[in-house]
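For ligands, and for the atoms within them, numbers begin at 1 and follow the listed sequence. The structure displayed is predicted, hence computed values, not measured ones.
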Amino acid sequence: MKQGKIIKVAGPLVIAEGMQNTKVYDVVRVSEQKLMGEVIEMRRDEASIQVYEETAGLGVGAPVYPTGEPLSVELGPGLIEPIYDGVQRPLDIIRSQAGDRITRGIDIPGLSREKKWEFKPSVKSGDKVFEGDELGTVQETVLVLHRIMVPPGIGGVVKKIEGGGHLVTDRIAVIEGEDGKDKEITMMSKWPVRVPRPYKEKLMPNEPLSTGQRVIDAFFPIAKGGTACVPGPFGSGKTVVQHQLAKWADAQIIVYVGCGERGNEMTDVLIEFPQLTDPHSGEPLMLRTILIANTSNMPVAAREASVYTGITLAEYYRDMGYSVALMADSTSRWAEAMREMSGRLEEMPGEEGYPAYLGTRIAEFYERAGKVTCLGSDNRTGALSVIGAVSPPGGDLSDPVVQATLRVVRVFWSLEDKLAYRRHFPAISWLTSYSLYVPNLREWIVENHGEEWVANVERALAILQEEAELEEIVRLVGLDALSADKRLIMETAKSIREDFLHQNAFDEVDTYSSFDKMVKLMELIMLFHGLSEDALEKGVPVTEIASLSIRERIARAKFIPEEKLDKIDALKKEISRTFEELTEKVATEA
Ligand code: ADP
């Protein structure tokens with residue numbers, strides 16, 4: 001294809017003329033060094049190119065080579081385990097070939113061309129297959145069975161299929177299409193990152209993505225296939241929340257996109273993630289994780305590509321019928337990259353210098369989340385849940401990126417540094433967080449955990465809200481000014497906060513709560529509250545209730561292991577007995 005010529009270099013933005021044959025979002029190779037770039041705007045024969053590598057030293061007149069292809073990722077076995085940069089280059093291989101400073105123009109494929117994978121066919125010659133159907137499987141890691149699917153747009157009769165050890169580029173099957181033409185299938189396929197992968201139907205997200213974190217699962221649940229946003233003021237425990245989600249969320253595949261805050265933070269992720277253990281299998285969590293990291297020696301423009309690379313890989317596993325959770329940290333950095341490019345393109349700036357299309361881009365990204373019926377005759381369902389972290393300057397939630405995000409996501413976990421200072425973890429505020437999935441999930445939750453649970457959760461939230469109002473009064477006139485029933489509200493709120501919401505990620509037992517355990521813990525607290533209300537009516541002083549020693553056992557109940565939940569039931573009986581004795585004692589004294 002005819003090459004173009006650089007006429008201007010402005011940081012990561014390069015403008016080239018003579019590019020009439022390229023389209024927006026095509027990949028080009030810039031200069032003799034073959035730096036990777038993507039066309040982001042065309043004016044006549046002039047292409048504006050976002051270059052994903054350091055552009056220092058590039059000069060006017062240098063050649064630009066079109067590839068005629070959009071920015072794409074390689075899909076197939078081998079995606080799990082390597083750590084990728086924003087354009088799917090395996091970082092460890094780059095490092096071993098080029099040392100810590102990435103040599104520019106390095107071109108390493110996303111999938112290894114040397115590794116053989118054991119392919120087990122699930123169809124035979126003569127079978128009719130449709131797009132999305134499973135041709136066979138590969139055990140990608142001990143934790144992930146990789147489905148090799150008929151690529152979208154292809155279908156017909158299987159003429160040949162070969163099991164055994166294959167490279168991703170080997171032909172594993174031949175499919176004769178309706179048009180009588182043969183189509184050779186390899187385990188590897190490609191997909192343009194800016195185009196959502198197809199599915200049959202989008203379904204209503206009506207099942208919770210359980211996370212084992214009580215404040216989330218009980219109060220602010222996210223649905224499988226849902227979207228959530230979490231801000232992370234420094235030291236608020238964002239990293240711990242992310243690790244907890246990666247470990248415990250009910251998802252078979254985790255995709256973590258790190259849009260580097262600062263270089264060293266990214267390094268932390270690269271060191272920490274590989275050390276996490278999958279709690280269900282005891283294997284390294286990396287065996288079901290895809291990690292995409294923009295390292296500090298890549299220019300900001302690469303952040304822009306990384307979120308698309310990440311979500312495309314996530315969609316691919318969704319298409320296999322998996323529950324996939326993608327975490328992007330931080331989408332604010334991604335938006336800043338957009339702002340920088342937009343500024344260099346001299347586009348009309350919107351709010352705070354962000355481009356006017358900021359909101360559209362953010363919405364398009366989150367719209368790729370969802371629970372879907374996948375392509376394929378078996379009508380399997382897959383889900384892609386997306387959790388985006390935002391980091392507005394100064395923690396200011398009126399920031400345009402946060403606002404644009406909140407318009408599209410349905411859950412907001414409000415991490416607050418105030419709570420973290422008080423050592424309340426996870427520091428997710430019960431007053432400002434929300435989940436708009438609650439009505440959708442209600443039917444599933446009632447069916448699985450009963451009406452009482454739903455009522456208890458609503459009651460608990462109301463009590464916490466009342467506590468916030470009462471705190472104001474207490475600050476002014478002191479605790480003693482409160483009536484007995486208000487005092488009780490304060491006591492119960494404290495118990496909800498400390499005995500239920502507070503969850504220690506580093507405690508072997510407390511780190512995870514099953515739904516069953518959560519339900520039982522809440523029952524304990526609410527039983528105590530209900531019996532206390534009755535006792536107050538019978539004239540028991542609130543101070544006596546507050547000093548009951550059984551409250552300590554309620555506080556410790558969260559440390560009861562999952563296999564001994566009957567101990568919580570036993571404790572319930574004891575609470576009832578304690579109150580019977582207390583009211584009797586008060587009655588005889590009177
Ligand atoms: P951030 O990433 O927001 O800067 P971290 O996630 O590293 O903050 O958390 C800071 C510290 O807070 C942790 O080292 C830990 O001591 C404490 N912490 C955070 N979350 C929890 C939790 N769920 N349980 C116990 N301690 C926590």
Side-chain angles (χ1 to χ4, degrees), residues 210-222 228-249 254 256-277 279 285 289 291 293-294 296 325 327-333 387-397 399 401-402 405 411-430 432-433 496-514 517-518 521 555-562:
S210 73
T211 67
Q213 310 306 302
R214 292 186 292 267
V215 60
I216 293 177
D217 291 353
F219 284 178
F220 312 111
I222 174 172
C229 166
V230 54
F234 182 71
S236 60
K238 185 174 70 171
T239 312
V240 175
V241 167
Q242 276 170 343
H243 287 180
Q244 287 296 88
L245 291 174
K247 282 200 233 171
W248 295 108
I254 302 295
Y256 181 91
V257 183
C259 291
E261 306 261 304
R262 279 166 277 128
N264 56 345
E265 281 180 44
M266 230 29 253
T267 319
D268 285 349
V269 170
L270 296 183
I271 293 168
E272 284 166 10
F273 249 86
Q275 289 174 351
L276 299 180
T277 303
L285 193 67
T289 301
L291 203 55
N294 288 288
S296 53
M327 290 182 251
D329 183 18
S330 133
T331 57
S332 298
R333 301 285 165 269
I387 297 151
V390 289
S391 40
D396 174 13
L397 296 183
D399 162 80
V401 181
V402 178
T405 305
V411 177
F412 179 57
W413 293 319
S414 177
L415 266 186
E416 288 187 358
D417 42 8
K418 258 191 343 235
L419 290 173
Y421 291 141
R422 278 161 47 191
R423 309 293 302 160
H424 177 97
F425 291 115
I428 296 178
S429 163
W430 49 91
T432 49
S433 303
I496 297 169
R497 282 189 284 107
E498 293 177 1
D499 311 337
F500 185 83
L501 293 181
H502 186 118
Q503 191 167 358
N504 186 348
F506 304 107
D507 181 90
E508 203 183 322
V509 172
D510 199 27
T511 185
Y512 170 87
S513 247
S514 67
K517 180 169 174 184
M518 209 159 53
L521 288 179
R556 282 200 310 271
K558 61 184 176 186
F559 301 110
I560 294 174
E562 293 288 337

Which of M327, E272, K238 passes side chain to side chain contact (heavy atoms under 4.5 Å, CB included) with H243? It is E272
Is any side-chain heavy atom of T211 closer than 4.5 Å to one of Q244? no
Can you list the steps and then say if D510 with R214 is a salt bridge (Lys or Arg N to Asp or Glu O under 4.0 Å)? CA-CA 10 Å; D510 199 27; R214 292 186 292 267; 3.0 Å; yes
Atom CZ in F219, atom CZ in F500: separation rounded to 0.5 Å? 6.0 Å
State the CH2-CG distance between W413 and L245, to the nearest 0.5 angstrom. 5.5 Å
Report all protein residues having a heavy-atom distance below 4.0 Å to some atom of ligand 1; order the list by chain, then number. P233, G235, S236, G237, K238, T239, V240, R423, F425, Q503, N504, A505, F506
Look only at the side chain of K558 and the backbone of H502, and say whether a donor-acceptor pair between them is shorter than 3.5 Å. yes
